[in-house]
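Numbering of ligands and ligand atoms starts at 1, following listing order.
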Amino acid sequence: MLTPAVSDDLSKFVRLEAAGKADGCPAASAGRGLFGLDAEALAARMVEVGEPAWRSRQLAEALYRQRVTEMDAITTLPKALRQRLVSEGWLVGRPQITQVFQSVDGTERYLVQSQGLSGAETVETVWMPEGDDGETGDGSDQDAAEEAAKRHRHATICISSQVGCAVNCRFCLTAKLGLQRNLTAGEIAGQVVAVFSRHAVEVGRDRVNLVFMGMGEPFLNYDNFMGAVRLLVREVGLSPQRMTVSTSGIVPGIERVAAEPLEFRPKLAISLNAPNDQIRSEIMPINRKWPIQSVIEAVRRVKLRPRERITFEYVLLGGVTDRLKDAAEVARLIRRTGLPAKVNLIAWNPGPGIEYSTPQSEAVEAFRRTLIDAGIPAYLRKPRGRDIYAACGQLKRTVEG
Ligand code: SF4
């Protein structure tokens, strides 16, 4: 769900080597990782090694709340048990930050790697202090606004769900990588826990939103994506109302998320990006499979919480999707749905090998104004971390070494 960025030499920044497309847990070949297992699976492992199932609670607490990275740090387990687990090949296996790029605006971009496991690729995760305004305007947390203002911190973490992406949106640099592989639930949730650890985030005190808008299409890796959400809710203690998943419009995925229990369902963002099927099919070929109306019909199945809105993400491409007539058509389209909705506008950044242009700031503002005048809340996402390639769509330029 990303838009591309400035650059000069693509090969300098983007990992171009293929790494296979294997699904599933990378723990199999290089070590047996505990991170990513839920309490039930941890209990099963404990029973397997001849321990009582209740030890799984100690493990879950250590992995997801205390954020340990070494078995020896799980001091609630007897030392002999820790040693035995290690000798039998078990390890914590939590993804860890291996490189940090800091922006002058406070944004940080990370390369995150599965430690000690066979998943060799790094994935990219972004920490945006104070968010990027992409979460603004969803009334679902209005009650908490005053309380939140008093809280310690407000930030947004942008999380990747795949290495690369198969969707092939024409304006997106990730698309150029193709799909390299799906991330496991542990690799997805691990990005959050690693960033929480780095910033000493206090769950329940700090106001941190998660957006599944990094590399990849979460609904093409649905089981691992939802596995991560359940871990983050049950074990890390986060609210799904602080999570937003963005999809390019994978109808079966929208239908599945609509059927999830509210206690686990994140908020939904649709990466719309065009006013009609003709333009959308040109810039997002996935639209030929699932045109706008089929996406809207699937979205209708999502039972919204009080004051929750559907977010429509809209990348403005200069001269292609940013014209006033486009804005008017988008406004009509969204109003016709009758859905409580808001629009996040994202001004596209130019990228190598991608033939679109950046919209003029006047065009962006006129577009936003047209939506607002039509009664549709519309926000311009602040570009964050452009200087470190962390802004929307810049996550593809993984720096080598
Ligand atoms: S769905 Fe994939 S190709 Fe499309 S914008 Fe998102 S990451 Fe890029």
Side chain, backbone, both or neither: which part of N168 comes within less than 4.0 Å of ligand 1 when only heavy atoms are counted?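 Contact part for N168 vs ligand 1: backbone (N, CA, C, O).
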
I need the contact type for C165 against ligand 1. Using non-hydrogen atoms and a strict under-4.0 Å cut-off, is it side chain, backbone, both or neither? side chain

Would you check if there is a donor-acceptor pair between the side chains of S161 and E217 at a distance under 3.5 Å?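 There is no such pair (donor and acceptor under 3.5 Å, judged by atom type) between the side chains of E217 and S161.
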
Regarding T125 and Q191, do their side chains bring together a donor and an acceptor under 3.5 Å, going by distance alone?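 Yes.
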
Answer yes or no: does atom CD of E88 have more than 12 heavy-atom neighbours from other residues, nucleotides or ligands under 6.0 Å?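 More than 12 heavy atoms, drawn from other residues, nucleotides or ligands, come within 6.0 Å of this atom.
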
Which atoms from ligand 1 have a heavy atom of A175 less than 4.0 Å away?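 It comes down to these atoms of ligand 1: 3 (S).
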
Those atoms of ligand 1 less than 4.0 Å from some heavy atom in V167: 1 (S), 2 (Fe)

Results of salt bridge (charged side-chain N to carboxylate O under 4.0 Å, His left out) for R332 - residues two or more places apart only: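 Per chain and number, R332 pairs via salt bridge (charged side-chain N to carboxylate O under 4.0 Å, His left out) with no residue.
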
